[in-house]
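What follows is a set of notes on a single structure, which appears directly below.
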Amino acid sequence: MSLIGERKADFSDIYAQPDPRAYVSTLDRFEYQIPQRATPIFREVIGAARPGRVLDVCCSYGINSALLKSAQDPREVLTRYTDPSAARLTPAELAESDRRDLTDDLDIVGLDISEPAISYAREAGLLTDGWAEDLETTDPSPELTKGIADTGLIISTGGVGYVGRNTFARLLDGIDRPEELWLAIFVLRVFDYSDMVELLADHGLVTERLPETFQQRRFADAEEQRAAVHDVELHGLDPAGKEAAGWYHTHCYLTRPRNAPRPNVLR
């Protein structure tokens, strides 16, 4: 039986703030780093897929978009939120600072259940558009369905586990050409992704997993670590040097149309 659902640290409060400062500063304590590690993979997949629109699932404050749209080193982009000078800014002033830093016109939209996070990301220009909806339990609104119709790539860093097959099935139903869709999804090793692979295969899509793993963050406490080690072993994976060493690790799953060439990152 899986344990992680009961023992995983609850950070829900940091998603209810009017800007990303609490989100970044709280997760910094645990060396949260999966968005920065994912950025080079996302850029390579964007180059291969050339999507008209990118949808970030569980996008929070548009962090992945901030990294993708900035010319700075991904390790430096988020330091603006923890810099002492940022404490003096209003959320609107911080959003304007974010907007001035954008150097790429990628069309990225977002889905998250947090209305404050979505609102900030839209105001800061990190997202072209975004929707605060729970597709695990309800069908998408007409606005969301219209907004994702021409999506060519779905990305996510750690959203699977909070959302799953229900959300992705509803998204696929709303996309005009799901058989041409690409996905780059980072999934904690404590979660099983096989049902998602099956769902995507039903739409004619091919999924492969990158051979390496990617650190996400340090565990919040010993109980969270014990649950993660238990669940990783439950899936037949070895936690040595990864979860047993104190870190959540993710797999990256890349999905592409059946006739599309494999991106270089898989070669």
Side-chain angles (χ1 to χ4, degrees), residues 2 4 8-9 27-28 30-49 51 54 56-60 63-68 70 72-78 153-164 168 181-201 205-220 224-258 260-267:
S2 173
I4 201 64
K8 198 169 188 289
L27 291 177
D28 264 0
F30 305 103
E31 299 182 63
Y32 182 73
Q33 57 192 254
I34 192 61
Q36 293 90 334
R37 290 183 173 272
T39 299
I41 305 296
F42 289 157
R43 284 178 172 155
E44 184 155 347
V45 175
I46 288 169
V54 179
D56 187 358
V57 174
C58 297
C59 64
S60 71
I63 299 300
N64 287 326
S65 184
L67 295 166
L68 286 167
S70 174
Q72 295 184 56
D73 186 308
R75 293 169 295 183
E76 304 298 327
V77 172
L78 304 185
L153 169 65
I154 296 177
I155 62 173
S156 184
T157 49
V160 171
Y162 296 103
V163 301
F168 282 88
L181 185 66
W182 292 67
L183 297 91
I185 311 293
F186 286 78
V187 183
L188 286 174
R189 291 179 359 126
V190 298
F191 297 121
D192 182 14
Y193 195 65
S194 59
D195 62 337
M196 283 291 303
V197 173
E198 293 173 2
L199 171 67
L200 297 168
L205 302 172
V206 176
T207 300
E208 293 186 71
R209 191 181 82 189
L210 269 63
E212 68 267 41
T213 66
F214 302 81
Q215 287 178 327
Q216 192 216 42
R217 66 166 171 86
R218 292 191 178 276
F219 293 114
E224 188 178 47
Q225 181 177 9
R226 278 194 286 270
V229 168
H230 171 276
D231 282 16
V232 165
E233 292 178 334
L234 191 66
H235 298 315
L237 302 172
D238 183 2
K242 298 180 174 67
E243 292 80 12
W247 286 85
Y248 274 119
H249 275 249
T250 69
H251 285 303
C252 177
Y253 294 87
L254 298 185
T255 300
R256 67 186 190 279
R258 190 179 304 280
R262 300 172 79 221
N264 289 335
V265 71
L266 284 169
R267 296 174 186 170

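Residue numbers run from 1 in the order of the sequence given. Because the structure is predicted, anything quoted here is derived from the model rather than measured.
- Residues Ala220 and Ala9 approach most closely at CB-CB, 3.7 Å, considering heavy atoms.
- Separation of atoms OG1 (Thr250) and CD1 (Ile185) is listed at 11.5 Å; rounding is to 0.5 Å.
- Arg258 CZ to Leu205 CG: the interatomic distance, rounded to the nearest 0.5 Å, is 8.0 Å.
- Phe168 is listed as a side-chain neighbour of Val163, based on a closest heavy-atom distance under 4.5 Å.
- One distance of note links CZ of Arg75 with CZ of Arg37; it measures 10.0 Å at 0.5 Å rounding.
- Put simply, the side chain of His251 never gets that close to the backbone of Leu210: no donor and acceptor are under 3.5 Å apart.
- At least one donor-acceptor pair closer than 3.5 Å links the side chain of Glu44 to the backbone N or O of Val265.
- Counting only distance, with no hydrogens or angles, the side chain of Thr207 and the backbone of Val197 share no donor-acceptor pair below 3.5 Å.
- Between Ile41 and Phe186, some side-chain heavy-atom pair lies under the 4.5 Å cut-off.
- With values rounded to the nearest 0.5 angstrom, Thr255 atom OG1 is found 9.5 Å from Ile154 atom CD1.
- Looking only at side-chain heavy atoms (C-beta outward), Arg217 and Glu31 stay at 4.5 Å or farther from each other.
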Residues Lys8, Tyr162; criterion side chain to side chain contact (heavy atoms under 4.5 Å, CB included); working and verdict: CA-CA 11 Å; Lys8 198 169 188 289; Tyr162 296 103; 2.9 Å; yes
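- What you find for Val229 and Pro239 is that their closest heavy atoms are CG1-CG, 3.9 Å.
- Under the 4.5 Å side-chain criterion, counting only non-hydrogen atoms from C-beta, Ile4 is in contact with Phe191.
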Leu68 and Val54: CA distance, side-chain angles, deciding distance, side chain to side chain contact (heavy atoms under 4.5 Å, CB included) verdict: CA-CA 11 Å; Leu68 286 167; Val54 179; 5.7 Å; no
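- Between Glu208 and Leu254 there is no side-chain heavy-atom pair separated by less than 4.5 Å.
- Every residue two or more places apart in sequence or in another chain that forms a side-chain hydrogen bond (donor to acceptor under 3.5 Å, both in side chains) with Thr157 is listed here: Asn64.
- What you find for Pro35 and Thr39 is that their closest heavy atoms are O-OG1, 2.8 Å.
- The shortest distance between side-chain heavy atoms of Leu234 and Asp192 does not fall below 4.5 Å.
- Under the 4.5 Å side-chain criterion, counting only non-hydrogen atoms from C-beta, Ser65 is not in contact with Asp56.
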What side-chain donor-acceptor pairs closer than 3.5 Å can you find for residues 240-248, not counting sequence neighbours?
{"unit_1": "Glu243", "atom_1": "OE1", "unit_2": "Arg189", "atom_2": "NH2", "d": "2.9"}
{"unit_1": "Glu243", "atom_1": "OE2", "unit_2": "Arg189", "atom_2": "NE", "d": "2.9"}
{"unit_1": "Tyr248", "atom_1": "OH", "unit_2": "Glu224", "atom_2": "OE2", "d": "3.2"}

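- Contact between Trp182 and Pro261 at its shortest, heavy atoms only, is CH2-O, 3.7 Å.
- Across Val77 and Ala66, no two heavy atoms sit closer than the pair CG1-O, 4.0 Å.
- Taken to the nearest 0.5 Å, the OH atom of Tyr32 stands 8.5 Å off from the CD1 atom of Ile63.
- Residues Leu266 and Arg256 meet the side-chain proximity criterion, which asks for heavy atoms closer than 4.5 Å.
- Other residues, nucleotides and ligands contribute more than 12 heavy atoms inside 6.0 Å of the CZ atom of Arg262.
- Taking CD of Glu76 as the reference point, atom CG of Leu67 lies at 11.5 Å (rounded to 0.5 Å).
- Of all the heavy atoms in Pro74 and Arg43, the pair that sits closest is CG-NH1, 4.3 Å.
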